[in-house]
Enquirer: 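Please see the structure below; I have some questions.
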Amino acid sequence: MIMKNEDKILRIRHSAAHVMAEAVLEMFPDAKIAIGPAIENGFYYDFDLPRSLKTEDLAEIENRMKRIIKENHPFVKKVVTKEEALEFFKDQPYKVELIKDLPGNEEISMYSQGAFTDLCRGPHVENTSGLNPEAFKLLSVAGAYWRGDEKNPMLQRIYGTAWNSPKELRVYLNHLKEVEKRDHRKLGRQLDLFSVHEEAGAGLIYWHPKGARIRSVIEDFWKGEHFKSGYEIIYTPHIGKSWLWETSGHLDFYSDNMYSPIKIDNADYYLKPMNCPFHILIYKTLMRSYRDLPLRWAELGTVYRYERSGVLHGLLRVRGFTQDDAHIICTPDQIEDEILEVLRFSLRMWEAFGFKDIKAYLATKPEKCVGDDKQWDQAVESLKAAVEKENLEYVPDEGGGAFYGPKIDLKIRDALGREWQMTTIQFDFNLPERFDMTFVDHDGKEKRPYMVHRALLGSLERFFGVLIEHYGGAFPVWLSPVQVQVIPVAKEFYEYAGETAKKLMAEGFRTYADLSGNRLNAKIRNAQNEKIPYMLVVGEKEEAENLVSLRDRNGNKKNLIPLMTFVEMVREKIKNKVLL
RNA sequence: GCCAGGAUAGCUCAGUGGCAGAGCAGCUCACUCGUAAUGAGCAGGUCGUGGGUUCAAGUCCCACUUCUGGCUCCA
């Protein structure tokens with residue numbers, strides 16, 4: 001039998017989950033088993049156990065799994081009726097629930113290996129010997145609600161990873177190590193980029209000078225690109241009275257994510273969780289003609305959203321963040337061009353920051369929604385047309401749109417192959433209605449404009465987190481907080497080093513001279529650890545003829561070159577936004 | 001919020017009921033030192049917070065805060 005590789009690895013992982021369940025049942029004969037699917041890179045199984053598992057238990061489960069694998073049990077499939085299945089699993093309440101929920105026409109099958117039988121659609125490897133006892137590893141124990149619903153009991157989930165060969169397992173474990181090394185929280189501290197202060201509030205980010213330098217470069221670039229692309233930039237307040245949020249509907253459908261109000265002069269003010277209502281108020285300060293549209297208004301708008309304490313995560317999940325937000329307000333016949341242009345803009349942005357692998361997710365009309373079918377169709381069509389024109393791979397999510405409009409989300413793949421959802425381009429049929437936005441059309445009649453909400457980078461915090469991990473802290477020169485470190489070989493050359501740094505600063509570079517008491521080797525090492533792109537070593541030879549000796553962070557050297565040659569070279573690299 | 005595991009010097013971590021430790025970073029001093037750590041010395045902690053058990057608590061118990069890995073959700 002020939003099977004595709006993907007199919008084979010799924011069988012291995014799914015079978016590993018069954019073997020794990022068998023091992024756990026050996027240790028806890030009264031355990032209730034829930035579900036155990038194959039997932040990306042591995043598998044898990046959920047159990048209801050008499051006691052909580054410790055990390056040490058994983059080793060024992062692993063050993064039992066190895067033994068079971070070596071015992072060479074075939075995986076045997078058996079097709080049963082619903083009644084037979086219910087009878088067989090009568091002591092397994094989770095299985096009973098699953099069986100009861102199976103549609104009547106579906107074939108019900110069970111798979112057995114050795115002493116273990118599970119309700120399962122399959123497929124599996126033919127025999128436990130199809131698993132390599134040295135090519136899997138149990139990774140962690142975690143809590144997980146039965147069927148992902150927090151009203152249900154919490155089960156214990158064991159995560160594992162399984163591969164074709166021990167070598168593949170080693171590669172994957174190394175990948176995990178690399179992920180850990182690049183963790184933005186770790187690099188954020190090592191490179192002195194940002195911090196979070198528990199005593200001052202979780203999920204709130206402090207940007208240190210070096211992180212803020214990067215942010216400032218990002219913001220400048222972002223603003224420039226927006227002006228070039230026909231956007232205006234606006235600024236709006238951080239709080240708004242309850243009238244605003246009642247009108248927008250946020251107090252009805254978004255209040256779980258909003259903070260309690262602040263009382264000012266007997267009125268309730270809320271921290272903004274979104275920028276849209278503010279932008280709309282600006283729109284409504286004038287009568288708008290079709291001649292004024294499209295309007296493209298962007299804001300680096302800082303919003304605050306309540307996130308449950310358990311989900312906060314470094315820069316990637318926070319309670320206060322700055323969206324690179326914009327609203328496009330246009331007439332129905334402008335919408336297709338506008339969407340295409342936003343998408344192109346977004347792709348240009350990602351390219352500039354070094355991300356090339358991008359996938360689109362298109363979410364269409366859900367059952368419950370506002371707006372009429374014609375609007376939805378046109379909106380979805382314009383989204384589809386745009387991704388197709390750009391030859392972007394896209395995954396449709398039928399019925400996955402919000403009640404107020406369809407959207408495209410872009411997921412970008414980073415250097416480690418992980419996908420991050422960043423860009424969102426979202427129609428809104430709700431707010432124009434609620435705020436009674438209008439424009440005067442050719443015929444002199446007031447009509448409702450289309451509104452599109454979009455964030456390209458998503459939020460600056462989250463984007464920065466992804467950027468740090470993508471580059472492992474070694475940013476391209478144009479983004480590096482320090483671009484050039486001037487390193488004198490001994491005290492007598494400190495003056496020349498200082499002058500050199502001053503000249504570079506005058507040329508617009510971010511640069512320092514290392515005038516510490518350290519020795520040359522230590523200075524190089526420090527610059528290297530800070531991942532500074534360029535080091536200029538200066539000593540007697542350099543000072544005599546106004547030269548510098550270049551060493552980049554990859555260790556490449558170019559000795560005794562004129563300072564201006566270096567300046568021209570780096571200027572080119574910055575212009576082209578290359579790594580080094 | 002829920003499940004599990006953590007919180008000890010600025011950082012990384014050791015310390016299993018009996019005098020709070022190490023390395024790095026910091027500070028001081030010495031060293032004429034060419035591409036990834038020069039050496040010596042000094043200083044640094046209410047052991048996350050509050051309560052309890054004990055002759056004695058970093059260590060055991062309870063509550064809270066917060067972090068990590070998940071569940072749910074999302075920029």
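Throughout, protein chains are lettered first and strands after them, A, B, ... in sequence-line order, and every chain is numbered starting at 1.
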Enquirer: Would you measure the distance from the C1' atom in G52(B) across to the matching atom in A56(B) and give it in whole Å?
Expert: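 About 15 Å, rounded to a whole number of Å.
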Enquirer: Going 5' to 3' along nucleotides 69-75 of chain B, which nucleotides have protein heavy atoms under 4.0 Å from the base (write B), which only from the sugar-phosphate (write S), and which from neither (write -)?
Expert: BBBBBBB
Enquirer: Is the distance from the ring center of Trp420(A) to that of Phe355(A) below 6.0 Å?
Expert: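 Here the rings of Phe355(A) and Trp420(A) have centres that are no less than 6.0 Å from each other.
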Enquirer: Rounded to the Å, how far apart are Asn526(A) CG and C24(B) P?
Expert: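 Checked: the CG to P distance equals 14 Å.
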Enquirer: Quick check on the 6.0 Å ring-centre criterion: do Tyr496(A) and Tyr494(A) meet it?
Expert: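 No, ring centres 6.0 Å or more apart.
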Enquirer: Which nucleotide, in any strand shown, forms a Watson-Crick or G-U wobble pair with C31(B), with both distances under 3.5 Å?
Expert: none
Enquirer: Protein-nucleotides 5-10 of chain B N/O pairs closer than 3.5 Å?
Expert:
none

Enquirer: G48(B) pairs with which nucleotide, Watson-Crick or G-U wobble, both distances below 3.5 Å?
Expert: C64(B)
Enquirer: Are the ring centres of Trp163(A) and Tyr172(A) closer than 6.0 Å?
Expert: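 Yes, ring centres under 6.0 Å apart.
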Enquirer: Pull out every residue in residues 536-543 of chain A that has a heavy atom closer than 4.0 Å to any atom of RNA chain B, ordered by number, or say none.
Expert: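 Contacting residues: Val537(A), Gly539(A), Glu540(A), Lys541(A), Glu542(A).
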Enquirer: Does the structure show a Watson-Crick or G-U wobble partner for G69(B), both distances under 3.5 Å? Name it, or say none.
Expert: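 Pairing partner, where one exists within any strand: C3(B).
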Enquirer: Rounding to the closest angstrom, what is the interatomic distance between U65(B) and G26(B) at atom C1'?
Expert: 29 Å
Enquirer: Using atom NZ of Lys523(A) as one end and atom C1' of U38(B) as the other, report the distance to the nearest whole Å.
Expert: 13 Å
Enquirer: Using the test salt bridge (Lys or Arg N to Asp or Glu O under 4.0 Å), find all partners of Arg64(A) that sit at least two apart in sequence or belong to another chain.
Expert: Glu26(A), Glu60(A)
Enquirer: Could you give all pairs that pass the salt bridge (Lys or Arg N to Asp or Glu O under 4.0 Å) test and reach residues 252-261 of chain A, with sequence neighbours left out?
Expert: none
Enquirer: Which whole number of Å gives the distance between the C1' atom of U16(B) and that of A57(B)?
Expert: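 U16(B) and A57(B) have their C1' atoms separated by 12 Å.
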Enquirer: Please write out the pairs of protein N or O atoms and N or O atoms of nucleotides 29-33 of chain B separated by less than 3.5 Å, giving the distance to one decimal.
Expert:
unit_1	atom_1	unit_2	atom_2	d
C31(B)	O2	Arg519(A)	NH2	2.5
C33(B)	O2'	Val489(A)	O	3.1
C33(B)	O2	Arg519(A)	NE	2.6
C33(B)	O2	Arg519(A)	NH1	3.2
C33(B)	O2	Arg519(A)	NH2	3.2

Enquirer: Gln528(A) has an atom CD; how far is it from atom P of A36(B), in whole Å?
Expert: 8 Å
Enquirer: Considering only the P atoms, how many Å lie between C2(B) and A37(B), rounded to the nearest integer?
Expert: 50 Å
Enquirer: From NE2 of His197(A) over to P of U66(B), roughly how many Å is that when rounded to an integer?
Expert: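 Nearest whole value for this atom pair: 15 Å.
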Enquirer: Taking atom C1' in both A7(B) and G15(B), compute the distance separating them and give it to the nearest angstrom.
Expert: 15 Å
Enquirer: Counting Watson-Crick and G-U wobble pairs only, both distances under 3.5 Å, name the nucleotide matched with C42(B), or none.
Expert: G26(B)
